[in-house]
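Written out below as structure tokens is the structure these notes cover.
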Amino acid sequence: MSPAECKIIELPKIEDPRGNLSIVEEDNHIPFKIERVYWIYDVPGGQVRGGHAFRKQQELIVALSGSFDVIVDGGMEKHKFSLNRSYYGLYVPPGYWRRMENFSTNSLAMVLSSTRYEEKDYIREYEQFTAFRNKHKQHI
Ligand code: TYD
């Protein structure tokens, strides 16, 4: 799996009349080791989360419950991914500006991250993001 692509990963789903079960294994279903897990919940209607890029962090974003949209921007073009199933994850490599919006009531967003929290990995200014993309064009 190319680490440079932003894409939906379909996770295994074990269907069972007692309730379904899904799985994610590091370096197997996703191309990175999981250093951190966080989740976003109780999002009031109309709120937007994210709105930044990462220099190194790779992530998998999963709508464990409810639905929301993730808009990813690679500098040249934007793409909207609507997440509404707990067995689909959006893989986001480093160097994508991404924001999350249109959260449904009671939605639960889980983020698996390849790094621990490090503020200096964030690019929070869009102009810095474009400069970063231009500088690392061949590598991301
Ligand atoms: P942030 O990632 O900036 O979220 P958003 O882009 O949606 O605003 O995180 C919000 C705050 O939470 C920020 O002050 C940093 C803190 N935070 C941590 O301390 N550890 C973490 O793992 C994360 C994701 C955020």
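Atoms within each ligand, like the ligands themselves, are counted from 1 in listed order.
Contact annotation for Glu119 and ligand 1: no heavy atom of the residue comes within less than 4.0 Å of the ligand. Counting heavy atoms closer than 4.0 Å to ligand 1, residue His52 contributes side-chain atoms (C-beta onward) but none from N, CA, C or O.
Cation-pi contact between Arg124 and Tyr122: present, with separation from the ring centre below 6.0 Å and deviation from the ring axis of at most 45°.
Looking at Tyr87 and Asn20, their side chains never bring a donor and an acceptor atom within 3.5 Å of each other. At a cut-off of 3.5 Å, with distance as the only test, no side-chain donor of Tyr126 or Gln128 sits close to an acceptor on the other residue.
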Practice prompt. Start with the C-alpha distance between Val24 and Ile9, add both sets of side-chain angles, then the distance that settles side chain to side chain contact (heavy atoms under 4.5 Å, CB included), and finish with yes or no.
Written response: CA-CA 10 Å; Val24 59; Ile9 294 177; over 6 Å; no

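Put simply, CD1 on Ile61 and CH2 on Trp39 are 15.5 Å apart, with the number rounded to the nearest 0.5 Å.
Not a single protein heavy atom sits closer than 4.0 Å to atom 12 (O) of ligand 1. Atom 15 (C) of ligand 1 is approached by the protein to below 4.0 angstrom, counting heavy atoms only.
Atom 8 (O) of ligand 1 has Arg49 NH2, 3.5 Å as its closest protein atom, hydrogens excluded (heavy atom only). Of the protein's non-hydrogen atoms, Tyr122 OH, 2.5 Å is the one closest to atom 2 (O) of ligand 1. Nearest protein neighbour of atom 17 (N) of ligand 1, counting heavy atoms only, is Tyr117 CE1, 3.8 Å.
Using a 4.5 Å heavy-atom threshold, the side chains of Glu59 and Tyr38 count as touching.
The existence of a salt bridge linking Lys80 and Glu101 is excluded, since no basic side-chain nitrogen approaches an acidic carboxylate oxygen closer than 4.0 Å.
Each of the following atoms of ligand 1 lies closer than 4.0 Å to a heavy atom of Tyr38: 24 (C). Atoms of ligand 1 found under 4.0 Å from any heavy atom of Arg36 (numbered from 1 in listed order, with element): 21 (C), 22 (O), 23 (C), 24 (C).
His136 and Phe132 have tilted rings, their planes meeting at an angle from 30° to 60° on a 0 to 90° scale.
Ligand 1 has Arg124 within reach: a non-hydrogen atom of the residue lies less than 4.0 Å from it.
The shortest N or O to N or O distance between Gly51 and ligand 1 is not under 3.5 Å.
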